[in-house]
Amino acid sequence: LAAPQLIMLANVALTGEVN
Amino acid sequence: QRLKVEDALSYLDQVKLQFGSQPQVYNDFLDIMKEFKSQSIDTPGVISRVSQLFKGHPDLIMGFNTFLPPGYKIEVQT
């Protein structure tokens, strides 16, 4: 199952960038 | 209602603020995010880890729920 908003949160947390 | 980068930044600030005196908690949260991105853990795995990490912080759990896909939710004990 896709979790696009969770991926976005992870990206922002780890890099500060948008996926 | 798609969340934006600003929503993520705002949530991350909230986590940092609440655990200002325990920076390890935020580091643990980053580790969970890393494992999720590397696909070491899946969405249910993230839910399990975050619900333990933020136990006793219902506002952080409810905030985290907004980033979960439909059908997933961490229950907050009241």
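Within every chain, numbering begins at 1; the chains are lettered A, B, ... in the order of the sequence lines, protein sequences first and strands thereafter. In what follows, every heavy atom counts, from backbone to side chain, and hydrogens, waters and symmetry copies are set aside.
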Just verifying a value: how many Å separate Phe36(B) CZ and Leu14(A) CG, rounded to the nearest 0.5 Å?
11.0 Å
Any side-chain heavy atom of Leu9(A) sitting closer than 4.5 Å to one from Leu12(B)?
yes
Check: Gln5(A) side chain, Leu68(B) main-chain N or O, donor-acceptor pair, under 3.5 Å:
no
Residues, nucleotides or ligands: over 12 heavy atoms within 6.0 Å of Gln24(B) CD
yes
Work out which heavy atom in Ala3(A) is nearest to a heavy atom in Pro69(B); give both atom names and the distance.
CB-CG, 3.6 Å
What's the spacing between Thr43(B) OG1 and Ile7(A) CD1 if we round to 0.5 Å?
7.5 Å
Is it the backbone or the side chain of Val15(B) that comes under 4.5 Å from a heavy atom of chain A, or both, or neither?
neither
Segment of Lys34(B) engaging chain A (4.5 angstrom heavy-atom cut-off)
both
Atom pair CG/CE of Asn11(A) and Met33(B) - distance to nearest 0.5 Å:
10.5 Å
